[in-house]
There are 2 protein chains.
Amino acid sequence: MNHVIAIGKVSEATGVKVPTIRYYEQIGLLPAPPRTEGNRRTYDRKDADRLTFIRHSRELGFEIDQIRTLLSLQDRPDQSCSEADTIAKARLAEVKDKIASLKALEAELERMVEGCSHGRVETCQVIEILADHGKCKHHLHDA
Amino acid sequence: MNHVIAIGKVSEATGVKVPTIRYYEQIGLLPAPPRTEGNRRTYDRKDADRLTFIRHSRELGFEIDQIRTLLSLQDRPDQSCSEADTIAKARLAEVKDKIASLKALEAELERMVEGCSHGRVETCQVIEILADHGKCKHHLHDA
DNA sequence: CCTACATCCTCAAGTCACTAGAGGAGCAAG
DNA sequence: CTTGCTCCTCTAGTGACTTGAGGATGTAGG
C-alpha cells in the first residue's frame, strides 16, 4: 500500500538490477509506479513481489511473453490454470532436450580435453576434433 | 586451390546458412573469397573446412571470439596447444555448470507440473512456486 | 550553508550472433 | 525469351537486456 521503496532498494530486495527494472516498466511488464516530488519512482511490496515472480520465471528460462501470460493468470485467480500448466510443460520439455544435448556436448569436450597431449597444435585433439566433424560421434542440435 | 564452389553449395556442404556465411566474412571470421565476373563469391575446399570448423565450434557453444583464437591456433601448427586446451576446459566447466543448473530447474518444473491440480489458478502450484521463491529449494544461477 | 558523494532521472546506442526483407542482377534450362 | 533460381548489397530487426552521456536530486559531514 505505502509506496515508499526506492528503485535501488527494490533492486536489492529482488535481485533485479536497476536498469532492468526500468526496462521492465518500459516494456509494460511492471506497472509504472508513482513518483516523488523529485521524480523518483516509489515502489511497494506488491511491486517487489511481481519482480520476484518475474526474476524467478526468467531464472527458469521462461520468455518475457510467457511471463506476461503467467502474470495475467496470477492476476485472475478464478480462471483455470491449464494455460500455466501448458507453458510449464513446454518449458520442461525444452529443458529435458537441452540437458540431453548438453550431455552429449560434455562428453565430446571431455574427449577433447583428455585427448590433448599438451604438445604442439599439430597433434592436439582439441583442434583436430573441431576441424573434423566426422570424428564426432554425436549429432548435436543446439547447445 | 580451385575456387569453384558457389556460396549455396558451401552452405549445403557445411550446414552454415548463406546469410551466416556472408556475416562471417563481414566480421572477419572467414576470409573474403575471390569473385566471378558476375560478382559472385567462389569458395574452395579450405573455406569449406574452415566453415565446418566454425560450425562445429558454435555447436559446442564456443563464442565467436574464442573461435577466432582457435582458428588462429589451427593456422600455426607448431605452437603449443595449451591455449586451445584452456579454452576447451573453460567451456567444459561452463557446460557442467549449466547441466547442474538445468537439472535443478528440471526438478523444479517437474514439481510444478505435478503439483498442478488442474483446477483454478488459486490453487495452482505453477503460479504459486513462481510467485514465492521461498518455496524453491534450489539456488539457480542461470538457466 | 556548503560540499562531497551516492542515487536517481532520461534518452540513445551498444551487445551477440544472427535473421529477415527490400530491391535488383546474373545465370541455366526449356 | 522467359521462368525461376541463386546471388548481390544494404538496412533494419530480434531478445533481453547493458552501457554511457549528461544532468537532477537527496543525504551526511564539516
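Order of the sequence lines sets the chain letters (A, B, ...), proteins ahead of strands, with each chain counted from 1.
The residues B:Glu110 and A:Lys96 are annotated as salt-bridged, a charged nitrogen and a carboxylate oxygen being separated by less than 4.0 angstrom. Using a cutoff of 4.0 Å between basic side-chain nitrogens and carboxylate oxygens, A:Arg91 and A:Glu94 are scored as salt-bridged.
Atom OH of residue A:Tyr23 and atom CD1 of residue A:Ile64 lie 5.5 Å apart, to the nearest 0.5 angstrom.
Side chain of B:Arg58 to backbone of B:Ile67: no donor-acceptor contact under 3.5 angstrom is found.
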Self-check item: Base-contact (B) and sugar-phosphate-only (S) positions in nucleotides 20-30 of chain C, heavy-atom cut-off under 4.0 Å, - elsewhere
Solution: -----BBS---

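The CD atom of A:Glu12 sits 15 Å away from the P atom of C:dA6 (whole-angstrom rounding). Separating the CD1 atom of A:Ile21 from the P atom of C:dC8 is a distance of 9 Å, rounded to the nearest angstrom. In this structure, B:Ile67 atom CD1 and C:dC16 atom P are separated by 13 Å, rounded to whole Å. The nearest whole Å value for the distance from the CG atom in B:Asp65 to the C1' atom in C:dC16 is 10 Å. Atoms CD (A:Gln66) and P (D:dA16) sit 9 Å apart, rounded to a whole Å. Atom CZ of A:Arg35 and atom C1' of C:dT7 are 14 Å apart (whole Å). Atom CD of A:Glu25 is separated from atom P of D:dA16 by 19 Å (rounded to the nearest Å). Atom C1' of nucleotide D:dA24 and atom CZ of A:Arg41 are separated by 14 Å, given to the nearest angstrom.
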Exercise. Determine, stepwise, if the pair B:Tyr43 / B:Ile21 fulfils side-chain contact (heavy atoms from CB on, under 4.5 Å).
Key: CA-CA 11 Å; B:Tyr43 296 97; B:Ile21 296 174; 3.5 Å; yes

Exercise. Please assess B:Lys103 against B:Lys98 for the test side-chain contact (heavy atoms from CB on, under 4.5 Å), listing each intermediate value before the final yes or no.
Key: CA-CA 8 Å; B:Lys103 275 187 178 162; B:Lys98 194 129 190 171; over 6 Å; no

Quiz item: Would B:Glu59 and B:Arg55 satisfy side-chain contact (heavy atoms from CB on, under 4.5 Å), going step by step from the backbone distance to the final call?
Solution: CA-CA 6 Å; B:Glu59 278 174 354; B:Arg55 204 209 59 185; 3.3 Å; yes

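Here A:Ile27 lies out of heavy-atom contact (under 4.0 Å) with every strand.
The side chain of A:Arg55 contributes no N or O atom lying less than 4.0 Å from OP1 or OP2 of D:dA16. For B:Arg22 and D:dT6, the shortest distance from a side-chain N or O to OP1 or OP2 is not below 4.0 Å. Residue B:Tyr24 places at least one side-chain N or O closer than 4.0 Å to OP1 or OP2 of C:dC18. In this model, the phosphate group of D:dT18 is approached by a side-chain N or O of A:Thr20 to a distance below 4.0 Å at OP1 or OP2.
Of the listed nucleotides (D:dC17, C:dC18, D:dC8), D:dC8 has the atom at the smallest distance from the side chain of B:Ile7.
Toward the 5′ end of DNA chain D lies the nearest nucleotide of B:Ala6, the other residue of the pair A:Tyr23 and B:Ala6 mapping further downstream.
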